[in-house]
Amino acid sequence: MKTNLYQSMSDDELFFSLVDRYAAGEIPAEVSSRFDALLQRPDYKDKVEVFKKAHGKLQLVMDGFYLNEEQTIEIRSFAQGASNMTEDEQQGIDDLGNESKISGMFRFLVFIAVFGLVIGGAIWKFTPEKHGKFDALYYLSYESTVLANDPVGRMDIVTADPSELENYFAKYPNLGFKVNLLTVPTGWTVKGATVIDYDFTKVGAILYSQNDGSDHLVQFVWKSKKEDLPTAYEGKEGDLTYASYTSEATNLISYSNGDDTSTLLVGRLSAVQMAKIAAAKR
Amino acid sequence: MSLSPSSLSYYLNTLCPLSDKLFQFSHACLLEREAALELTRSTFTEIADNLPSPGDGDTDLVALIRTAWKRLDRQVQYTAPKSGHRIFQEVFSKMNLESRAALISIDFLGLDEEQTAYALGLNEAEVCKALSAGRKLLINGNY
């Protein structure tokens, strides 16, 4: 279907416009042999992996740009000027004026009040329940650094006993979801946990560390849907499907827990190593 | 122009939640926060006065981007301010405008080439060319 398009492309155009599909295992059959041949060349050889990392960074950086609440409200208000009143509402206002013996000033105030109610009511009715924006990658990357740097100061409970931690989460007031700890490999220990209470969501956080303290892994669990996180390349480890992201200093993977919660793991381990740990529990 | 309740609902519940995405598109194109904010505002003002037909989520975003792209002055050489993020200074500012728009639409906003071509008023070959040039800079920039 797009054969002519692909044939007319230079090597650079073909490689760089299809590198995402190659990474996703969806390279069109009609160009797969040409693409494979390009991958043998030194100038393209490692570019697929570099693209995956660059794509992850792009996602992370761009997610950090968003409108603040005031700007969002301003954009919503553009519809107010264009809203109309129904004939019945207008008639109601007219009736108020005709039937009463009140002064012109009072009628004017009534008009303003009803108009405000109509517009305010419409905005209120059609406005979805307001939740703050929770940019999980942005906030939790930061939280992971803070937790690892100051575990005692930041954690509610410091213990290496997993059952104590599960009990802590089970009894946490209004947490609303269950937290299952990871089964960490030999040489790693759970250090403690806390609940980060944002205005609009609670996040369970568990810190694991290597026994010599040289590396850390933070597990975050919170109520969310898969689409709440930015798109990323998906990997599989056993029956676990996960999305991986990367930043300057850490790797992150996210996956659904099969209920209405997600887990985000943040650490310096590779995405595949973290996925193996996550899959071990399942 | 007045909005019926269903149009008001479409504006508030479907289009307004896409304002962050339009802002991100605008930011990547214009390289500067205030200019991106102004383009986002003016696009939504135009949209409020002339609502597109409801789409299926992806196509709602396409309509917003198409409107913003038409409003954008493509003769201007946009530059990233020194106070801006590194990605604007070191990567995006080296791309031409079409490459920035294609890259952000496909690699960040998740549109496909066909939707991007429609939004940017280009054909698919032009989108692929712009996208490949943008990705090459993104990859080789080793950002």
Side-chain angles (χ1 to χ4, degrees), chain A residues 2 4-6 8-20 43-44 46-55 57-68 71-86 119 122-123 125-128 133 135 227 230-231 248, chain B residues 1-5 7-13 15-17 19-25 27-28 33 36-37 40-41 43-49 51 85-88 91 102-104 106-110 113 123-125 127-136 138-143:
Chain A
K2 291 186 178 176
N4 288 341
L5 175 62
Y6 297 140
S8 67
M9 287 180 173
S10 68
D11 288 347
D12 258 11
E13 286 168 8
L14 183 86
F15 182 85
F16 288 110
S17 62
L18 292 177
V19 62
D20 58 328
D43 44 339
Y44 295 116
D46 302 320
K47 299 298 187 199
V48 175
E49 286 307 309
V50 179
F51 170 74
K52 285 184 187 175
K53 286 183 181 173
H55 185 270
K57 282 184 186 174
L58 178 70
Q59 294 279 345
L60 276 177
V61 170
M62 292 309 299
D63 262 326
F65 297 107
Y66 47 83
L67 303 174
N68 64 31
Q71 290 156 348
T72 305
I73 289 170
E74 182 190 2
I75 282 172
R76 298 179 68 82
S77 74
F78 295 156
Q80 287 184 42
S83 296
N84 66 335
M85 289 186 297
T86 65
I119 298 300
I123 297 287
K125 181 178 178 184
F126 294 119
T127 300
K133 181 180 176 67
D135 184 341
E227 55 267 28
T231 55
E248 298 288 342
Chain B
M1 175 99 186
S2 61
L3 290 184
S4 65
S7 296
L8 184 61
S9 170
Y10 174 57
Y11 180 86
L12 292 175
N13 293 333
L15 297 179
C16 284
S19 58
D20 277 345
K21 291 187 172 181
L22 183 66
F23 174 64
Q24 287 155 341
F25 171 84
H27 207 159
R33 185 178 180 87
L37 190 55
T40 305
R41 278 196 192 105
T43 300
F44 269 93
T45 305
E46 181 178 334
I47 287 280
D49 289 338
L51 278 178
H85 194 281
R86 266 181 61 208
I87 199 166
F88 296 125
V91 182
L103 182 79
I104 209 71
I106 292 171
D107 280 350
F108 178 67
L109 298 174
E113 284 85 351
N123 61 42
E124 278 194 61
V127 167
C128 289
K129 207 178 182 87
L131 175 66
S132 60
R135 279 187 182 157
K136 186 176 182 180
L138 179 70
I139 292 170
N140 290 338
N142 203 20
Y143 169 75

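Numbers restart at 1 for each chain; the letters A, B, ... are given by sequence-line order, proteins then strands. Note: hydrogens, waters and symmetry copies are ignored here, and every other heavy atom, side chains too, is used. Bear in mind the structure is a predicted one, so any value in this text is a computation, not a measurement.
Neither the backbone nor the side chain of A/L14 comes within less than 4.5 Å of any heavy atom in chain B. Looking at A/Q71, only its side chain comes within 4.5 Å of chain B, counting heavy atoms on both sides. Using a 4.5 Å cut-off between heavy atoms, B/F88 contacts chain A through its side chain alone, with no backbone atom that close. Contacts between B/F23 and chain A at a heavy-atom distance below 4.5 Å involve the side chain alone, from C-beta outward.
By number of non-hydrogen pairs under 4.5 angstrom with chain A, the leading residue of B/L131, B/L15, B/T45, B/I106 is B/T45.
Counting only heavy atoms from C-beta outward, the side chains of B/C16 and A/I75 approach each other to under 4.5 Å. Taking 4.5 Å as the limit, every side-chain heavy atom of A/F78 sits out of range of all side-chain heavy atoms of B/D49. Side chains of A/K47 and B/N140 form a contact here, defined as non-hydrogen atoms less than 4.5 Å apart. Contact of the A/V61 side chain with the B/F108 side chain is not registered, since no non-hydrogen atoms from C-beta on lie closer than 4.5 Å.
Contact between A/Y66 and B/R33 at its shortest, heavy atoms only, is O-NH2, 3.4 Å. When every heavy atom of B/D107 is checked against every heavy atom of A/Q59, the shortest pair comes out as O-NE2, 3.0 Å. Contact between B/S132 and A/S17 at its shortest, heavy atoms only, is CB-N, 3.8 Å. Minimum interatomic distance between A/R76 and B/Y11 (heavy atoms only, all atoms of both residues): O-CE2, 3.9 Å.
Taking CD1 of B/I139 as the reference point, atom NE2 of A/H55 lies at 10.5 Å (rounded to 0.5 Å). Remark: A/M62 CE to B/I87 CD1 distance equals 7.0 Å, nearest 0.5 Å. The line from CG of A/L18 to CD of B/E113 is 7.5 Å long, rounded to the nearest 0.5 Å. The NZ atom of B/K21 sits 13.0 Å away from atom CG of A/L67, with the distance rounded to the nearest 0.5 Å. If you take OG1 on A/T72 and CG on B/D20, they are separated by 6.0 Å, rounding to the nearest 0.5 Å.
With sequence neighbours excluded, the residues satisfying side chain to side chain donor-acceptor pair (under 3.5 Å) with B/E46 are B/R71. Residues satisfying the salt bridge (charged side-chain N to carboxylate O under 4.0 Å, His left out) test with B/R41, not counting sequence neighbours, are A/E74, B/E38.
Of the residues A/F16, A/F15, A/F51, the one that meets the side chain to side chain contact (heavy atoms under 4.5 Å, CB included) test with B/K136 is A/F16.
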